[in-house]
Amino acid sequence: MEVKARAPGKIILAGEHAVVHGSTAVAAAIDLYTYVTLRLPLQSAENNDRLTLQLKDLSLEFSWSLARLKEAIPCDSSTFSSSKPTSCSGETLKSIAVLVEEQNIPEAKIWLSSGISTFLWLYTNILGFNPATVIITTELPYGSGLGSSAAFCVALTAALIASSSSDKTRGDAWSSLDETNLELLNKWAFEGEKIIHGKPSGIDNTVSAYGNMIKFCSGEITRLQSNMPLRMLITNTKVGRNTKALVSGVSERTVRHPDAMNSVFSAVDSISKELATIIQSKDENSVTEKEERIKELMEMNQGLLQSMGVSHSSIDTVIRTTLKHKLTSKLTGAGGGGCVLTLLPTRTVVDKVVEELESSGFQCFTASIGGNGAQICF
């Protein structure tokens, strides 16, 4: 049997960094996906005693015998339930880390370790110790702030949950999960994100699971319904960044200048709320008028992010280049490199600006904003 699943990446439209200090943030799904193919062998088939993970984009394959997994991963069958997501204990994580180390991951790819640990944890907790081949491909660049780890957790969990579902209507079309399974999927994916990131906010996995857009403030997530088409040019600067250090830098600046920084956070909060209102609005204002307002809000948000000290020369280069083409940009996510968003108003031709950005060594994607969340296909 074969099950396919896909889950989208995400962007932060407004509110990054300030959200840590109580402001509102707005995030959205993008139509760049991570795909998971789950192949469960017949009982009579060969290789029905192994779990294999293939990372196609990286040309890497990892494989474990079921006996080795059972030996290493503690599993109490009396409490085991895929319908009750649980956190991975520190002790279990250590056991899983040994399984990952045994695979001799190339030194240059050692950053994959936490993702592979997450794979083993989610797979064995949802499907138990059953043989399978799991194939991963993605359109998302790794570690660039576009939610690649959350898309992986969500797509993997979607495939695992779908494979144990009684309704396996065959067809070539992608279909969404029902609300109950989406909620379950999101909880499991969040547990996966905790293995990778320690203390994630839950924004990335929620956007990837449900799609469209969300508003996030002080731990509370509200799903939004977009009522206007939005397209963005996403530029990956390919500059790695240390998210933890950037977040700490903003906090340290806040200690030094509390009044000024609190005013900055308050302004970001207003921008996020206004952006959410515009996107959800069903009024008769033309799309062009709404795009103009969003453009101004993005410009203001970028200025405030610069005042927090999280921009970077590579981001400034993208902003200057897009401004020459009368386009507005802002960083998305942690900053310090990573990705930059450029609003593409209706009928914008991007060829020339993309050519100029790529000649500077950047990687460009165009994406529709606020699309589908996790989907499955049998």
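All residue numbers in this chain count up from 1 along the given sequence.
Looking at V26 and I12, their side chains never come closer than 4.5 Å, going by heavy atoms from C-beta outward. Counting heavy atoms from C-beta outward, I214 and T222 have side chains that stay 4.5 Å or more apart. Two residues are said to be in side-chain contact when any heavy atoms from C-beta on lie closer than 4.5 Å; L53 and Y123 fail this criterion. With a 4.5 Å cut-off on side-chain heavy atoms, L344 and M232 do not count as touching. Residues L66 and L69 have side chains in contact (heavy-atom distance under 4.5 Å, counting atoms from C-beta outward). Two residues are said to be in side-chain contact when any heavy atoms from C-beta on lie closer than 4.5 Å; K330 and V340 fail this criterion. A heavy-atom distance below 4.5 Å is found between the side chains of L331 and E16. No side-chain heavy atom of I11 sits less than 4.5 Å from a side-chain heavy atom of V207.
Here the shortest heavy-atom pairing between T86 and E191 reads O-CG, 3.5 Å. In terms of heavy atoms, L185 sits closest to V154 at CD1-O, 3.2 Å. Closest approach of N301 to G15, counting heavy atoms only: OD1-N, 3.4 Å. Taking each heavy atom of S163 and L40 in turn, the nearest pair found is CB-CD1, 4.1 Å. G309 and R253 get closest at one heavy-atom pair: N-NH1, 3.6 Å. Between L122 and C153 the shortest heavy-atom distance is CD1-O, 4.3 Å.
When T328, T288, L327 are each tested for a side-chain contact (heavy atoms from CB on, under 4.5 Å) with P345, only one passes: L327. Checking D269, V264, I271 one by one against S23, the side-chain contact (heavy atoms from CB on, under 4.5 Å) holds for a single residue, D269. For the pairing with T37, the side-chain contact (heavy atoms from CB on, under 4.5 Å) check across Q54, E2, K56 returns one residue only, E2. If you run side-chain contact (heavy atoms from CB on, under 4.5 Å) between Q302 and each of M298, E299, M300, Q306, only Q306 comes through.
At least one donor-acceptor pair under 3.5 Å links the side chain of D31 to the backbone N or O of S368. One N or O on the side chain of S263 and one on the backbone of D259 form a donor-acceptor pair closer than 3.5 Å. Between the side chain of S281 and the backbone N or O of I278 there is no donor-acceptor pair closer than 3.5 Å. Distance alone, capped at 3.5 Å, is enough to place a donor-acceptor pair between the K10 side chain and the G145 backbone. No donor-acceptor pair under 3.5 Å is formed between the side chain of S148 and the backbone N or O of S144.
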Exercise answer: donor-acceptor pairs, residues 370-378 side-chain atoms, under 3.5 Å, sequence neighbours excluded:
unit_1 : atom_1 : unit_2 : atom_2 : d
Q375   : OE1    : R6     : NE     : 3.0
Q375   : OE1    : R6     : NH2    : 2.8

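Under the 4.5 Å side-chain heavy-atom criterion for Ile, Leu, Val, Met, Phe, Trp and Tyr, F119 and L60 are members of the same hydrophobic cluster. Hydrophobic cluster membership is shared by W121 and I105, with clusters built from Ile, Leu, Val, Met, Phe, Trp and Tyr side chains linked at under 4.5 angstrom. When the side chains of ILVMFWY residues are joined at heavy-atom separations under 4.5 Å, either directly or via intervening members, Y35 and F62 end up in two distinct hydrophobic clusters. Linking ILVMFWY side-chain heavy atoms closer than 4.5 Å, directly or via other members, places F365 and V354 in a single hydrophobic cluster. Note: the hydrophobic cluster containing Y33 does not contain L38 (ILVMFWY, side chain heavy atoms under 4.5 Å, direct or indirect links).
Going from atom OH of Y210 over to atom CG of N186 covers 5.0 Å, rounded to the nearest 0.5 Å. For the atom pair OG1 (T317) and CZ (F362), the distance works out to 5.0 Å, reported to the nearest 0.5 Å. Atom NZ of K290 is separated from atom CG of L275 by 11.5 Å, given to the nearest 0.5 angstrom. A distance of 7.0 Å separates OG in S176 from CG in L182, rounded to the nearest 0.5 Å. The CD1 atom of I369 lies 6.5 Å from the CG atom of L13; values are rounded to the nearest 0.5 Å. Rounding to the nearest 0.5 Å places CG of N212 at 13.5 Å from OG1 of T206.
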message = Run M228 and Q280 through side-chain contact (heavy atoms from CB on, under 4.5 Å) and show every step you take.
response = CA-CA 8 Å; M228 66 174 289; Q280 291 184 99; over 6 Å; no

request  = Any chance you could lay out the side-chain contact (heavy atoms from CB on, under 4.5 Å) test for D316 and S311, step after step, and finish with the verdict?
outcome  = CA-CA 7 Å; D316 297 339; S311 197; 3.2 Å; yes

query = Can you check side chain to side chain donor-acceptor pair (under 3.5 Å) on T346 and E291, steps first, answer last?
reply = CA-CA 8 Å; T346 312; E291 286 171 346; 2.8 Å; yes

request  = Tell me, with the steps shown, if E61 and T52 meet side chain to side chain donor-acceptor pair (under 3.5 Å).
outcome  = CA-CA 7 Å; E61 179 174 303; T52 301; 5.1 Å; no

query = Is there a side chain to side chain donor-acceptor pair (under 3.5 Å) between S329 and T322 once you walk through the steps?
reply = CA-CA 7 Å; S329 304; T322 55; 2.7 Å; yes

request  = May I have the step-by-step check of side-chain contact (heavy atoms from CB on, under 4.5 Å) for F152 and T138, ending in yes or no?
outcome  = CA-CA 8 Å; F152 163 69; T138 188; over 6 Å; no

ask   = Please walk me through it: do Y142 and L58 pass side-chain contact (heavy atoms from CB on, under 4.5 Å)?
value = CA-CA 11 Å; Y142 292 102; L58 300 171; 4.0 Å; yes

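In the model, T92 has a side-chain atom that pairs as donor or acceptor with a side-chain atom of S89 under 3.5 Å. S65 and R50 share no donor-acceptor pair across their side chains, judged by distance under 3.5 Å alone.
Listed by chain and number, the residues in a salt bridge (charged side-chain N to carboxylate O under 4.0 Å, His left out) with E183 are K187 (sequence neighbours excluded). With sequence neighbours excluded, no residue forms a salt bridge (charged side-chain N to carboxylate O under 4.0 Å, His left out) with K215.
In K194, the NZ atom is crowded: over 12 heavy atoms of neighbouring residues, nucleotides or ligands sit closer than 6.0 Å.
Residues in residues 258-312 take part in these ring-ring contact (aromatic ring centres under 6.0 Å, His included) pairs, two or more places apart or across chains: H21-F265. Residue pairs meeting the side chain to side chain donor-acceptor pair (under 3.5 Å) criterion with at least one member in residues 350-364, sequence neighbours excluded: N236-Q363, K324-E356, H325-E356. Residue pairs meeting the side chain to side chain donor-acceptor pair (under 3.5 Å) criterion with at least one member in residues 96-118, sequence neighbours excluded, are R68-E102.
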